[in-house]
Amino acid sequence: MQVVRTRADLRAVLATSPRPIGLVPTMGWLHAGHVSLVERARAESATVVMSVFVNPRQFGESSDFEQYPRNEASDLAKAEAAGVDIVFAPTVDEVYPAGFDTVVSVGAIAGPLEGAARPGHFDGVATVVAILFALVGAERAYFGLKDYQQVRVIRRMALDLALPTTVVPCETVREPDGLAMSSRNARLTPEGRAAAAVLRRALLAGSTAITGGERSGDAVRATMRDVLATEPRAQPDYVSVADADTLAETASIEGEVLLSLAVRIDGVRLIDNERA
Ligand code: AMP
């Protein structure tokens, strides 16, 4: 496995790498969710590139950026064990060279949910992913459906800007109690970690209600909020039942919906979702 830190070195090593190339963008602190993306990429690619970059432009609060967990040595060992060929681990200045002054801004699909709760977040995501797509020129890039809206935003961007990389969505990997794996879980106390399982319970309660015939968006939101309210450490940011295609809030459930949550557990903001 090669580790490269500059745009120039990345281009140089990729010039002689066999195709197709699979790209797995990450912010590090690797866990089994990231590994599942690498495994999928490994199965479909001759060269697997992983980026490890905590992107300041997608964080609103600088404290959130600073507190984001980092451990490069451990990440490199996990990446190698998972079958990555090339890790791109650049500095902020390498990704955003002096005078950097371009933003990729995706429209309607980036508006609700995470876009509303975290102004500027998806501009930061789309901009860094556009840079990564341009640098790597991968045939495919792998993204987790834990960040469902992110997948939709990146797909929209790739389509609109005619980027030659196909976005491959991958299912969420969970802990045994259902908690979606996330680098942020590392910031939970043992009590917070136990409490965090409430996100999954709330989503499953919502999904069960729909399977049982409930058609009112408000009723399903209330069901999910009731479950969250059983956990005193959980502070909901949003509780959503949205059209799975447009991500607009649903009044009356007809087609496929996306149930999604953002919840703070002891101040650590976690998200999860379920299609129903
Ligand atoms: P992150 O390092 O959190 O930015 O995540 C990098 C990629 O891994 C994104 O495409 C995420 O959606 C994906 N990912 C994060 N957590 C999981 C998970 N539990 N299961 C599957 N993919 C995940």
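When a ligand or atom number is given, it counts from 1 through the structure's own listing order.
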(message) Does any N or O of ligand 1 fall below 3.5 Å from an N or O anywhere on Cys170, backbone included?
(response) no
(request) Consider every N or O of Phe143 and every N or O of ligand 1, then say whether any pair is closer than 3.5 Å. (result) no
(message) Do Arg275 and Tyr148 form a cation-pi contact, if we require the NZ or CZ to be under 6.0 Å from the six-membered ring centre and within 45 degrees of the ring's axis?
(response) no
(message) Heavy-atom contact check, 4.0 Å cutoff: does His31 meet ligand 1?
(response) yes
(request) Please write down residue, atom name and distance for the protein heavy atom closest to atom 4 (O) of ligand 1. (result) Met27 CG, 3.6 Å
(message) Just to confirm my output: which protein heavy-atom neighbour is closest to atom 22 (N) of ligand 1, and how far is it?
(response) Gly144 CA, 3.6 Å
(request) Please state which part of Leu37 comes within less than 4.0 Å of ligand 1, counting heavy atoms only: side chain, backbone, both or neither. (result) side chain
(message) Against ligand 1, does Glu171 come closer than 4.0 Å with any heavy atom?
(response) yes
(message) Tell me whether ligand 1 is touched by Phe53 - counting only heavy atoms on the residue side and a distance under 4.0 Å.
(response) no
(message) Please work out, at 4.0 Å between heavy atoms, whether the side chain, the backbone, both, or neither of Lys146 comes within that distance of ligand 1.
(response) side chain
(request) With sequence neighbours excluded, tell me which residues meet ring-ring contact (aromatic ring centres under 6.0 Å, His included) with Phe59. (result) Phe65, Tyr68
(request) Answer yes or no for Pro25: is there a heavy-atom contact with ligand 1 below 4.0 Å? (result) yes
(message) Using a 4.0 Å heavy-atom cut-off, which part of Tyr148 comes near ligand 1: side chain, backbone, both, or neither?
(response) neither
(request) Quick one: name the residues clustered hydrophobically with Val198, using the 4.5 Å side-chain heavy-atom rule over I, L, V, M, F, W, Y, and just say none if it's on its own. (result) Leu179, Leu188, Leu199, Leu203, Ile210, Val220, Met224, Val227, Leu228, Val239, Val241, Ile253, Val257, Leu259, Leu261, Val263, Ile265, Val268, Leu270
(message) Testing Asp243, Leu113, Asp218 one by one against Glu249 for a side-chain contact (heavy atoms from CB on, under 4.5 Å), which residue passes?
(response) Leu113
